[in-house]
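Below, read A as the first sequence line, B as the second, and so on, with proteins coming before strands; counting in each chain starts at 1. Since the model is a prediction, treat every value here as computed from it, not as a measurement.
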Amino acid sequence: MSGGRSITVLNVAEKPSVAKSVATILSRNQGLRVRDGRSRYNKIFEFNYAIRGQSCNMIVTSVTGHLMELAFEERYRKWHSCDPVQLFHAPVHKFVPEDKLDIKRTLEQESRRAQWLVLWLDCDREGENIAFEVVEVCTAVNHHLNIKRAHFSALIERDIHDAVQNLVQPNKWFADAVDARQEIDLRIGASFTRFQTLLLKDAFNIDSVTDDRNIVLSYGPCQFPTLGFVVERYWEIQSHEPEEFWTINCSHNSDDGISTFSWTRGNLFDYTCAVVFYEMCVQESTATVVNVRRQETLKYPPHPLNTIELEKRASRYFRMSSEHTMKVAEDLYQAGFISYPRTETDCFSQRTDLHGIVREQQEHQIWGAYAQRLLDPESRLWRNPSGGGHDDKAHPPIHPTKFSAGERGWSQDHHRLYELVVRHFLACVSQPAVGAVTTVEIDIAGELFSTSGRMILARNYLDVYRFESWGGSTIPTYVSGQQFVPTTLTLDSGVTRPPPLLSEADLLSCMDKEGIGTDATMHDHIKKLLDRFYATKDANTRFTPTNLGEALVMGYDDMGYNLWKPNLRAIMEHEMKAVSEGTKRKDEVLASCLQQMKTCFLDARVNKQKLLEAMEVFFERSNGSGGDENRAVGEVVQLCGLCQDSDMVLKRNRDGNYMVGCLGFPQCRNVVWLPGSIAEATVTSDRCTLCTPGPVYLIQFKFRQLEIPPNYNANHLGCVGGCDDILRQLTEICGTGSRVSARGRGTSSSNVQRDNPGQSVCIFCQQVGHSSNDCPSQSVGSRSAQRRQSGESSVSCSSCGSPCVLRTANTANNRGRKFYKCQSQECNFFVWEDNVDNGNGGNSVQRSNVRSSGSAPSNLNPGQNTGRGRGRGRGRGRDRDRDRGQGQIAATFVSATGEPISDRRCFVCGDPSHFANVCPNRGA
DNA sequence: GCAAGGTC
């Protein structure tokens with residue numbers, strides 16, 4: 001019933017592929033004509049159609065994303081043209097950039113003869129904004145255009161026909177929100193980038209970091225929080241303090257095999273408590289099976305694939321960078337093998353022909369057979385996919401759109417990515433894997449232990465999704481009430497480990513969670529970190545901040561700003577939402593947002609010293625930059641014992657605290673932090689007569705009297721070579737001015753020592769691997785040191801009488817502390833070296849020395865963990881040892897890790913050298 | 001020489 005004269009309707013889509021789909025669907029592929037436009041990518045489709053009875057000559061074309069850009073007016077473009085703060089107000093304008101002019105000309109040309117303009121842009125905020133850009137271009141040449149918006153949620157027939165028959169008005173609020181976002185991003189980005197680049201680039205020697213390339217120290221509201229995630233994790237790792245924990249393990253060997261039971265209490269951080277439980281178990285060690293549970297468990301296939309999941313999985317399975325993944329995906333999409341790769345959607349529309357997609361894959365040599373099984377109702381392998389709850393209303397999940405057995409010209413990554421998309425799709429429409437899990441619970445002396453085994457009953461989707469596995473494990477059969485004697489019962493220890501560096505997949509998750517970037521841009525932000533030399537990525541796709549990246553974040557953090565955290569973006573997003581919902585006006589949000597950012601900018605400029613100081617931690621001042629020469633170079637104290645290459649010089653950090661650091665920094669990070677109570681320090685020409693290798697120049701210290709105990713002299717000629725007890729004691733008492741010991745941010749724990757023990761050198765013994773607080777050369781006296789030197793071992797095993805060997809403990813509580821241990825595998829004899837002289841188990845050695853740290857309790861050191869309030873009641877090892885009381889410890893048991901347990905005896909034979917579980921007389 | 005967002 002198309003009546004009257006035909007009108008010409010210009011339809012504009014966001015991308016060529018959508019223009020083609022819309023034209024194909026509406027024309028039903030009949031009478032569809034295609035011609036070239038001015039732009040080679042954006043074809044023009046023509047056909048006849050009736051909208052609500054009105055006969056129309058339909059012209060369908062496209063743009064390629066945004067048609068316009070936002071930029072400062074010419075006079076502000078040059079970096080030195082204005083004070084960067086002016087960029088918060090400088091006039092900006094929207095214009096069509098050079099590379100989009102062809103598209104603009106096509107739109108103008110087609111608009112002139114059209115009566116209607118129908119906007120088929122993606123149905124999100126950006127799409128709405130692009131719609132208004134198109135409107136601006138088209139109405140500029142034809143004021144009479146009737147503007148309409150088509151709302152569609154998927155490129156499928158019903159939606160597209162519905163959309164064109166129910167045209168609406170474009171939503172200005174949505175477009176306004178994007179306008180505001182663009183302007184804020186531009187003003188903040190340009191002002192801060194110019195500010196920090198001009199401030200820092202030439203003031204420091206950062207060329208080594210940047211390949212001598214002319215670099216820009218950019219700031220952006222997405223790239224900086226992304227960097228923030230990387231730095232925060234890095235700090236978390238650096239500040240991690242390993243904590244020892246204890247657990248009881250039980251194993252049982254039977255004819256059916258071996259079972260390993262783990263303690264249901266898990267890991268205990270209280271050593272004494274763990275020992276009490278352990279002894280209970282050992283003394284009453286018969287195990288009773290109290291529960292045998294069999295349960296069917298399912299392992300579900302993944303949700304349909306969206307962009308972030310594609311990037312994460314390609315990174316995990318193939319170590320492909322997100323940026324490269326998107327490039328390859330784009331190729332596959334352009335060639336028609338996969339659907340549109342930039343989508344948030346992870347659920348299929350009910351109207352998608354899922355079976356049709358599977359049918360296409362039946363002929364594949366490798367996974368074709370699986371596709372055939374899926375389609376066979378007898379196999380009962382099919383399952384309608386469950387969605388992950390995301391839908392951008394514009395694109396379906398990523399799925400194969402055309403069969404391929406591999407194309408000539410595909411790289412290995414093209415093959416891999418296509419395979420991932422196909423296998424993922426086939427997995428989505430498959431039944432979950434089914435397993436039978438058997439859990440056995442046993443009771444030993446009232447303590448519960450459990451073990452479990454899994455049998456895979458049906459692999460289902462795992463047959464095609466080779467990227468995931470679900471291991472099976474078997475355990476012997478147990479019945480409730482059964483009793484047995486454990487084969488081993490051990491008290492084992494472990495230490496907590498820091499989290500790993502962020503992987504690319506982790507980083508994408510952080511960004512997704514905090515709303516940094518969009519599915520189409522996240523990989524760009526990650527790449528930017530690498531391009532700007534803010535971070536590096538290792539072979540395992542894990543990110544480490546560079547000195548430059550860390551310094552920038554540190555600088556802003558020291559100012560007290562969260563500019564490197566996702567908060568700023570979250571606030572902006574919240575404001576944008578208000579604009580898109582019409583509860584706030586664009587101008588209002590722009591004004592308040594920019595005002596706040598401008599205040600922040602001015603404040604940052606006032607505090608620019610913080611940025612400079614943070615940079616100083618990592619970089620040398622460049623020549624003639626006017627930096628404090630004394631601070632940058634310092635006075636030579638000795639040759640660095642770590643790199644053996646550069647001098648160690650006396651320096652002050654920006655907080656005024658003294659340190660002796662290696663000039664080889666940042667390649668060598670050797671540093672000796674000095675007491676925080678130093679008012680002045682000067683390197684003298686006097687050399688230490690004791691410390692080697694020399695020369696080590698003595699330092700004249702002047703301490704702030706009120707900050708040191710009364711029995712110490714405020715003036716002290718000291719040595720950092722390792723011989724100076726007073727200096728060591730004051731360091732322990734007063735703490736150091738180490739930045740890392742004072743920082744401890746970005747983690748849930750408070751101030752903790754962040755020095756990397758692998759990189760710092762002990763002030764006393766000059767050895768790498770521990771700090772002065774844990775220095776073994778200081779914690780045992782000169783007598784024991786002499787003993788070590790002579791190789792003398794005067795302690796004999798109380799059990800077998802063999803001479804003991806001297807070992808050094810490497811546990812958190814007693815790192816560096818020496819102990820004697822029987823060499824025999826059979827004996828568990830153990831005694832701390834510093835208990836030997838008290839008659840605590842040794843037989844011949846006279847103790848000549850008490851632990852010299854006794855006068856300076858380590859918990860006065862603010863950098864230590866005493867103030868962290870972990871609340872687990874763990875004292876440091878040496879304190880705990882004191883608490884135990886001197887002179888009462890007899891031969892002690894050792895655990896698997898060489899830790900003493902108690903002075904108890906084997907309940908079977910009474911021998912103090914072992915527990916009943918390993919008693920040779922057991923069962924005799 | 002600056003941002004982030006579309007897309008080719």
Classify A:Y340 by what it touches in the nucleic acid, base, sugar-phosphate, or nothing, heavy-atom distance under 4.0 Å.
sugar-phosphate
Short side-chain N/O contact from A:R181 to OP1 or OP2 of B:dG6, under 4.0 Å:
no
A:E126 or A:L87: which one's nearest nucleotide on DNA chain B is closer to the 5' end?
A:L87
Quickly work out the A:D202 CG to B:dG1 P distance and round it to whole Å.
16 Å
Using a 4.0 Å heavy-atom cut-off, does A:N129 contact any base of the nucleic acid, only the sugar-phosphate backbone, or nothing at all?
nothing
Looking at A:Q182, I'd like to know whether one of its side-chain N or O atoms comes within less than 4.0 Å of OP1 or OP2 on B:dA3.
no
Would you mind telling me which of B:dA3, B:dC2, B:dG5 lies closest to the side-chain atoms of A:R194?
B:dC2
Base, sugar-phosphate alone, or nothing: which one does A:K201 contact when heavy atoms must sit under 4.0 Å apart?
base
Ring pair (Phe, Tyr, Trp, His ring centres under 6.0 Å): pairs with one or both residues in residues 510-529 of chain A, sequence neighbours excluded
none
With heavy atoms under 4.0 Å as the rule, sort A:P16 into base, sugar-phosphate or nothing.
sugar-phosphate
Under 3.5 Å, is there any donor-acceptor pair linking the side chain of A:T64 to the base of B:dC8?
yes
Classify the nucleic acid contact of A:G517 as base, sugar-phosphate or nothing, counting any heavy atom under 4.0 Å across all strands shown.
sugar-phosphate
Does A:T197 reach a base, just sugar-phosphate, or nothing at all? Heavy atoms under 4.0 Å.
base
Winner on side-chain proximity to A:H66, out of B:dG5, B:dC2, B:dC8, is B:dG5
Residue pairs passing the side chain to side chain donor-acceptor pair (under 3.5 Å) test with at least one member in residues 62-71 of chain A, sequence neighbours excluded, are A:N42-A:S62, A:H66-A:E126, A:H66-A:E133
Please work out if A:R569 contacts a base, only the sugar-phosphate, or nothing of the nucleic acid, heavy-atom cut-off 4.0 Å.
sugar-phosphate
Quick one: does NZ or CZ of A:K172 land under 6.0 Å from the six-membered ring centre of A:F132, within 45 degrees of the ring axis?
yes
Kindly state whether the ring of A:F224 and the ring of A:Y219 have centres lying under 6.0 angstrom apart.
yes
Given the side-chain rings of A:F348 and A:F425, with only the six-membered ring counted for Trp, is the space between their centroids under 6.0 Å?
yes
Just compare B:dG6, B:dG1, B:dA3 and give me whichever is closest to any side-chain atom of A:V216.
B:dG1
Using whole Å, what does the distance between atom P of nucleotide B:dC8 and atom NZ of A:K100 come to?
10 Å
Would you indicate what A:Y219 reaches in the nucleic acid, counting non-hydrogen atoms under 4.0 angstrom: base, sugar-phosphate, or nothing?
sugar-phosphate
Strictly below 4.0 Å: does A:H525 bring a side-chain N or O up to OP1 or OP2 of B:dG5?
yes
Base, sugar-phosphate alone, or nothing: which one does A:I184 contact when heavy atoms must sit under 4.0 Å apart?
nothing
